[in-house]
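Reviewing the structure listed below.
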Protein chains: 2
Amino acid sequence: MINSMNKKVTINDIATIANVAKSTVSRYLNGGSVSEHTRLKIDRIVAQYNYTPNTFAQSLKQQKNHTIGVIVPRLDSIAQSDMLRGLDDLNKDDTFLIVNAYQDAKRELAAIEKLHSQNVGGIILLTANLTDEIRDVLKASPLPIVIQGQDEPNFHRVIMDDLAAGKAVGQYIKTLAPKNVLLLNVDTKIDQAVGHDRFVGIKAALAETPHQEIITDFKLDTAKADSYQAMQTDDFDLVIGATDRIVVGAMQSAFALKQHPKFIGFGQSFFSETVSPNLTSFEFNFYETGKQLYRLFLKVRDDKPVDVQRVIMNGHLVVRESTE
Amino acid sequence: MINSMNKKVTINDIATIANVAKSTVSRYLNGGSVSEHTRLKIDRIVAQYNYTPNTFAQSLKQQKNHTIGVIVPRLDSIAQSDMLRGLDDLNKDDTFLIVNAYQDAKRELAAIEKLHSQNVGGIILLTANLTDEIRDVLKASPLPIVIQGQDEPNFHRVIMDDLAAGKAVGQYIKTLAPKNVLLLNVDTKIDQAVGHDRFVGIKAALAETPHQEIITDFKLDTAKADSYQAMQTDDFDLVIGATDRIVVGAMQSAFALKQHPKFIGFGQSFFSETVSPNLTSFEFNFYETGKQLYRLFLKVRDDKPVDVQRVIMNGHLVVRESTE
DNA sequence: TTGTACGCGTTATCAA
DNA sequence: TTGATAACGCGTACAA
C-alpha cells in the first residue's frame, strides 16, 4: 500500500511516467476532464507508485487549509473524548490538531497563539472558560472559531442547557424529600455554566430544605478534602456535586466517615458506573455535541454567517444506585 | 497579538515595507547575517504586523515537516493522556497529530494510511497491538516509526517491563498468603505483554496455591460479567486483574455478591484512587514513557540508527486499601 | 482533451 | 551584508 522509496513521488513524476503534462494529472486528480485512455493509464501508475498529493503544496497553492485546531482542557475525560469522537465521525476532509491545555488558562492562551503560527484553518475550543485575555485574542483572530460549554455572547458556540439540567435535578430532589443537603459547587467566576446555571433550579427546589453550599474546585482531591470537613461537622442525607468527579471525592469522604448519604452528580463520566454504588447523574450527550460543534464550525467557516450562532444541547437525568 | 487582517502577511510584505529583499528577511528570520540597522528595522515591522512564517511553504521548501502522527488506542485513559503529556513537554519544534483508533485494528490501519497521505513526518504508535497487516504496512513505510507497549522485535520501541512487574506482584502475593486466587487475564494473542508477560511471575508465585484463571477482555462490562460468573461458583480471597479496569469490573461483581476479596491491578488509572477501597496496583510512569518515546523518535528520525532500538521502562507496586 | 506558464510563501545559491 | 533568482509540489488560467 505504501511506497517504500525514500523520495516521495510527485505529480511531476507521475506525469513524466505517463507521458502527459502534470496539469493533466492534476485534472485527473481533481475530477477535471480527462480522456478514458489517459485516465486508465494514470490510474495504473498512481496505484503502482502509490502516489499521494503533497498536502503542504496543496494548502500553499489553494490558500486555505483543512487543519482545524482543537483545544481541549484535558484528555482523560469521557466528555472530551466523546466530543472528539463526534468531531471525528462527521469529518471527511479536515485534519484535527488536538491540543491539551491541561486546564490552565496560560497554556490555553499559548495554544491559541501557537495554532495561529501553525497556520491552522480554524479553531474549536472545547469546554471554554475564557479569560479576558483569551477573549481578546480570539476576537482579534481572522480564523473561524467555535467554542463549547460557555454561553459567551460574542462567540459562535455550542452550549449545554445547564439551566434545564438544574431544573430537572431540582424536580427529582423533591421526590427524595431530603432533610439536609450538601451542595458542592465551583466558583461561578471560573465556570458560569456549571457554578451558576446548574444550581439555579436546585436551589429553587431547596428553598424550604436545610442545605449548605460549599465552593470547591474540579479536582477530586480538593472536593474530597472540602466535603470531608463539611461532613465532619454536619450530617447530610443528600450530596449534590457540580460534577461527577466532585461527587466521587465526596463519596470517598463519606466512606471514610462511615456516612451513607445519597449522591447526585452531573456529567457522563467513568465515575458514574465505576464507583460503588453507581452514581445518579444528569448526563449530556457529548458525542452528539461534538457532531454539532463540527457542523457549526463548517457553517461558520464556509458560510461566514453575520450573526453569532448559538446551539443548545440538552440532556437527561439517569437514576442509578446512589439515590436508591 | 494576532493580526486581525484577513490576508496573512507574508515575507514579501515584510520585505516591501522594510525596503529590503525578501531573501534578507529570510536571513533575518533564520539567523543569517544582517546588519544591525536592517535587523532593527525588520524587528519593528515583524512585531507590528505580527508576521509568522507560513508553515506550509516552509515544509514544502525544506522537504521535511515537523508533524508527527500519534496513534492512540483510546483517549479517555490516564496512561494515554500521560504519555501524550510526556511527548508534549519535551517537544519544541514538532506538531503532534493525534488520532484515536478507538481500540479497533481496522481504524488503526486506516489511521496509519491516512497519516501517510497527510504527509506526516513520522509516526508514534501508543499501546501498539499489531496485526500482521499493520506490521506489513509499517514495514513498508519510509517514515520514522516508533511503537510503545509491545516487544515487537522489528520495530523501534519503548516497552514496559511487564515481566518484572509480574514478578514484583508475585513476591507481594506471597506476603498475603491467599487461599484461593482468581486471575482475570486477557488473550495473549491480543496482548502478549499484558496477557503473558505480566502473569509469568504471578503464576510462579501461585504454584502451590489454588487459583483459577479466566480470560476476559479490556472492557469493564465484560470483566464484570466474567468475574461474576466465577465468583458465583467459587469463593476467592484475592483477585488479580490484568488491568485496573478489569479489576474494577470484578470489584463490582464482588460488591453485588457481598464478597470481600482483596484486589490487585495493573496500571495507573483513575480507578486506583476513585474506587472504594482504593486499589493496590502495579504502576508504570507513563509520563516518563512519553518522554522516552519522543527521545527515541528523534533519535530514529534524525540519526537513522541501523539497529532496532529498544527502551524498557519499569514501574513499582503501590499498596493501597484493597489489599489491607 | 491537452499542454504551457505562472504563482502560492519560503529557503538556498550565487553574484554583486 | 545584500539582492536577484531558482526551486519545492501543486492547481489553474489560458491557449492550443
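As the structure is a prediction and not an experimental result, all values here were calculated from the model. In what follows, every chain begins at residue 1, and chains take the letters A, B, ... in the order their sequences are listed.
- Listed nucleotides D/dA4, D/dG9, C/dG3 differ in distance to A/Thr24; the shortest reach to its side chain belongs to C/dG3.
- Annotation for B/Ile112 and B/Leu138: closest pair CD1-CD2, 3.9 Å, computed over non-hydrogen atoms.
- Axis angle between the ends of the helix from C/dT1-D/dA16 to C/dA16-D/dT1, five pairs each and rounded to 10 degrees, works out to 40°.
- Nucleotide D/dG11 holds its C1' atom 18 Å from the CZ atom of A/Phe56, rounded to whole Å.
- For residues 15-25 of chain B, the side chain to side chain donor-acceptor pair (under 3.5 Å) pairs, not counting sequence neighbours, are B/Thr24-B/Arg27.
- We find that CG of B/Asp13 is positioned 13 Å from C1' of C/dC8, with the value rounded to whole Å.
- Annotation: ring pair (Phe, Tyr, Trp, His ring centres under 6.0 Å) contacts involving residues 50-70 of chain A, sequence neighbours excluded, are absent.
- The CG-P distance, from A/Asn65 to C/dC8, rounds to 17 Å in whole Å.
- Here the P atom of nucleotide D/dT12 and the CG atom of A/Leu60 are 13 Å apart, to the nearest Å.
- Judged as a salt bridge (charged side-chain N to carboxylate O under 4.0 Å, His left out), the pairs with a partner in residues 91-104 of chain A (not counting sequence neighbours) are, in order, A/Asp94-A/Arg301.
- Ranking D/dT2, D/dC8, C/dT4 by closeness to the B/Gln63 side chain, first place goes to D/dC8.
- A/Thr38 comes within contact range of the sugar-phosphate backbone alone, with a heavy-atom separation under 4.0 Å but no base atom that close.
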For each nucleotide in nucleotides 10-16 of chain C, reading 5' to 3', give B when a protein heavy atom comes within less than 4.0 Å of its base, S when such contact involves only the sugar-phosphate, and - otherwise.
-> BBB----
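- We find that CD1 of A/Ile42 is positioned 13 Å from P of C/dT1, with the value rounded to whole Å.
- The shortest non-hydrogen separation linking A/Ala193 to A/Gly149 is CB-O, 3.5 Å.
- Sorted by first then second residue, the ring pair (Phe, Tyr, Trp, His ring centres under 6.0 Å) pairs that include residues 83-113 of chain A, not counting sequence neighbours, are A/Phe96-A/Tyr294.
- Side chains of B/Thr52 and B/Lys8: a donor on one and an acceptor on the other come within 3.5 Å.
- As a whole-Å value, the separation of A/His37 NE2 from C/dT2 C1' is 13 Å.
- There is a side-chain donor-acceptor pair under 3.5 Å between B/His116 and B/Ser141.
- The minimum heavy-atom distance between A/Pro73 and A/Thr127, with the atom names listed, is CG-CB, 3.6 Å.
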